[in-house]
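Each ligand, and each atom within it, is numbered from 1 in the order the structure gives. Keep in mind that what you see is a predicted model, and the values were worked out from it rather than measured.
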Amino acid sequence: MTTHTMAVTNCGGTTATLLMCVSAFIISVCKAHAAAPAVYVLGDSLVDVGNNNYLPLSIAKANFPHNGVDFPNRKPTGRFSNGENAADFLAKKIGLPTSPAYLSLVGATPPITGVSFASGGAGILNETGGFLFKQAISLAQQVDYFTVVHDKLVHQLGLSGAQAHLSKSIFLIVFGNNDWFAYFRVGSIVAKQYTPQQYVDRMVSTFKVLLKTLYGLGARKLVVTGVGAIGCCPIQRKENRTGECKVEINYWSAKYNDGLKMMLQGLKSESPGMNYAYFDTYGAMVNLFQNHETYGYTEIKEACCGVGNLNADAPCTPLAIYCPNRKNHVFWDLYHPTESVASLFSDLIYSGSQQFMVPINVEQLLAV
Ligand SMILES: *[C@@H]1O[C@H](CO)[C@@H](O)[C@H](O)[C@H]1NC(C)=O
Ligand SMILES: *[C@@H]1O[C@H](CO)[C@@H](O)[C@H](O)[C@H]1NC(C)=O
C-alpha cells in the first residue's frame, strides 16, 4: 500500500516513482491528474463495492452470479449490479481508482485515494439494516470506521497534512432508501412507534449529527443523494395490482428529501468552508420513467434478474433468470438499477444541470 501512496502523491515525479507506477490503474491515476486526492464513500447497496462480503450475518449479499455478469469473466464482486455502480463511475470521472471496501483491507494501510464504508441494507438509523437484512453497517458505524481511517491519515501525513488532504477529498454519501423500506415493510415496528413525519424528522436529525461529525473530522466536500422514487422499484410495483408505483412510500420519500435539502442548507450556513452537491435522485428517476424511450430503455418495471412477478419475487441468485439485454432495462434486480442507469445518473451527478443537482454539481464542487 505504501507504493500506492508514493505513486499517487508524487505523480509525474522521479524515475523511482515512475518505476512504482507498475499497475495499469496507478499509471492512469498518474496521467489523469485526479481532480481530488481521494473519494470516501459512505452508503448503502447502491454504492457497496464488497463490504457486505465480510458480514457473516447479512442476507444482503451479491457476491455470486448473476451479479457482475457484465464484468470480465462474469465476476461477482459484491456489487448489486450487472457491472459497475455509481461509486465506480464517480471515481473514474474524478480520475481515481474505485475506493476499496474498508472491510477488505483487514488492517492494511488504507490507500491514500480513499476507502468505501458502504454496506448493502444500511440505513441512517442504526436499526434499519438489522430489520431488513439481519446485519449491515449503519451510517453511525460507517462514521466510526472513518474515524479510524482519519486517525491513520493523521499518523501518516500529520494533522495539517491530513486536514489538507480531507478538505480536498470528496465524500460520497448515499443513504435513506433502506430506512423507508424498513418503515413501510409488512409488520414494521418503527411504523407503530413513529408517524411518517416523526420518522422524517428522526432521519434528518440523525443524518445532521453524523454529517457534523464528518465535518469535525475534516470533511469539506460532500456529495449527498436524496432518496429515489423507491415506490417504483420492482419489489414495490409488484405490490400494486396495477403494476404502477406505490404511492405512500414515494410520498414520504419526497417529504424526507425536502427535509434533507433544508438540513443541508442549514448545515452549510453553520459550517465554514463546507460545500455540498445534492442529487435529486427522486426527480431523476421520475424523469427517466417518463422519458425512458429517449434514454434507450424499453423496460422500466421488470427487474432484469430475478424470479416471478416482475422478476421481483426473489433476489438475483444463480437460480434466477436474467435478461439478455441489460442496456434496455432500468432495474437490474428487485431494488437496484442496471449498470447503464448507474452510469447515466453518475453523469448527472458529475456534470448535470441544476434540474437535478443543487446548488452545484460535482465538477463545480471539485473546483470550489
Ligand atoms: C447508533 O450506533 C452507534 C454505534 O455505531 C452508537 O454510538 C449510537 O449511540 C447509536 N445511536 C442510537 C440513537 O442508538
Ligand atoms: C397503485 O397505482 C395506482 C396508479 O398509479 C395508484 O392510484 C394507487 O394508489 C397505487 N396503489 C398503491 C397501494 O400505492
Side-chain angles (χ1 to χ4, degrees), residues 40-44 51-52 54-55 57-58 102-103 115-151 173 175-191 193-194 196 198-217 227-256 263 282 285-290 292 300-302 309-310 312 330-331 334-335:
Y40 294 94
V41 182
L42 296 90
D44 58 26
N51 276 308
N52 275 25
Y54 298 87
L55 298 185
L57 303 179
S58 169
Y102 176 74
L103 296 181
V115 181
S116 170
F117 309 94
S119 163
I124 293 169
L125 302 172
N126 283 352
E127 67 269 17
T128 290
F131 281 152
L132 292 172
F133 302 104
K134 308 225 188 292
Q135 187 185 19
I137 312 168
S138 66
L139 174 56
Q141 212 180 331
Q142 294 188 28
V143 171
D144 285 348
Y145 284 153
F146 174 71
T147 307
V148 175
V149 170
H150 168 270
D151 293 352
I173 306 168
F175 269 100
N177 302 292
N178 288 313
D179 299 286
W180 287 110
F181 287 127
Y183 188 90
F184 283 107
R185 81 196 178 112
V186 178
S188 166
I189 302 167
V190 276
Q193 287 177 291
Y194 305 98
Q198 286 170 333
Y199 197 70
V200 166
D201 296 341
R202 220 172 135 238
M203 282 175 68
V204 171
S205 58
T206 304
F207 206 173
K208 183 169 186 182
V209 168
L210 292 167
L211 290 180
K212 277 180 155 173
T213 305
L214 288 177
Y215 177 79
L217 291 166
V227 170
I230 55 177
C232 305
C233 292
I235 189 154
Q236 294 286 323
R237 278 189 194 264
K238 73 159 192 174
E239 289 181 11
N240 191 335
R241 271 169 299 139
T242 63
E244 294 305 311
C245 307
K246 288 291 286 287
V247 169
E248 203 182 10
I249 193 168
N250 271 355
Y251 177 84
W252 286 105
S253 296
K255 275 276 193 199
Y256 160 77
M263 181 272 274
Y282 192 106
M285 280 177 77
V286 170
N287 175 61
L288 176 57
F289 294 136
Q290 284 170 349
H292 60 96
I300 65 170
K301 295 185 180 178
E302 188 176 273
N309 188 9
L310 296 181
V330 168
F331 289 99
L334 67 189
Y335 289 109

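- When heavy-atom distances to ligand 1 are checked against a 4.0 Å cut-off, D144 comes that close only through its side chain, counted from C-beta outward.
- Considering backbone and side-chain N/O atoms, S138 never comes within less than 3.5 Å of an N/O atom of ligand 1.
- Y102 pairs by the ring pair (Phe, Tyr, Trp, His ring centres under 6.0 Å) definition with F117, Y145, not counting sequence neighbours.
- Using cut-offs of 30° and 60° on the angle between ring planes, the pair F181 and Y335 is perpendicular.
- The N126 neighbourhood of ligand 1 comprises atoms 1 (C), 2 (O), 3 (C), 8 (C), 10 (C), 11 (N), 12 (C), 14 (O), with distances under 4.0 Å to a heavy atom of that residue.
- E239 has its side chain out of reach of F184: every pair of non-hydrogen atoms, C-beta onward, lies at least 4.5 Å apart.
- Side-chain atoms of V149 and Y40, non-hydrogen and from C-beta on, do get closer than 4.5 Å to each other.
- N240 contributes a side-chain N or O that, together with a main-chain N or O of C245, makes up a donor-acceptor pair within less than 3.5 Å.
- With D179 contributing its side chain and L125 its backbone, the two residues share a donor-acceptor pair below 3.5 Å.
- Close contacts between ligand 1 and Q141 involve ligand atoms 5 (O) [criterion: under 4.0 Å to a heavy atom].
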Enumerate donor-acceptor pairs with a distance under 3.5 Å from any side-chain N or O in residues 206-216 to protein atoms, sequence neighbours excluded.
{"unit_1": "T206", "atom_1": "OG1", "unit_2": "R202", "atom_2": "O", "d": "2.7"}
{"unit_1": "K208", "atom_1": "NZ", "unit_2": "E270", "atom_2": "OE1", "d": "3.4"}
{"unit_1": "K208", "atom_1": "NZ", "unit_2": "E270", "atom_2": "OE2", "d": "3.4"}
{"unit_1": "K212", "atom_1": "NZ", "unit_2": "E270", "atom_2": "OE2", "d": "3.4"}
{"unit_1": "T213", "atom_1": "OG1", "unit_2": "V209", "atom_2": "O", "d": "3.1"}
{"unit_1": "Y215", "atom_1": "OH", "unit_2": "P272", "atom_2": "O", "d": "2.4"}

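- Judged as a side chain to side chain donor-acceptor pair (under 3.5 Å), and not counting sequence neighbours, Y183 has no contacts.
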Pairs under 3.5 Å, nitrogen or oxygen of ligand 2 with protein nitrogen or oxygen:
{"unit_1": "ligand 2", "atom_1": "2 (O)", "unit_2": "N240", "atom_2": "ND2", "d": "2.4"}
{"unit_1": "ligand 2", "atom_1": "2 (O)", "unit_2": "T242", "atom_2": "OG1", "d": "3.3"}
{"unit_1": "ligand 2", "atom_1": "11 (N)", "unit_2": "N240", "atom_2": "ND2", "d": "2.9"}
{"unit_1": "ligand 2", "atom_1": "14 (O)", "unit_2": "V247", "atom_2": "N", "d": "3.0"}

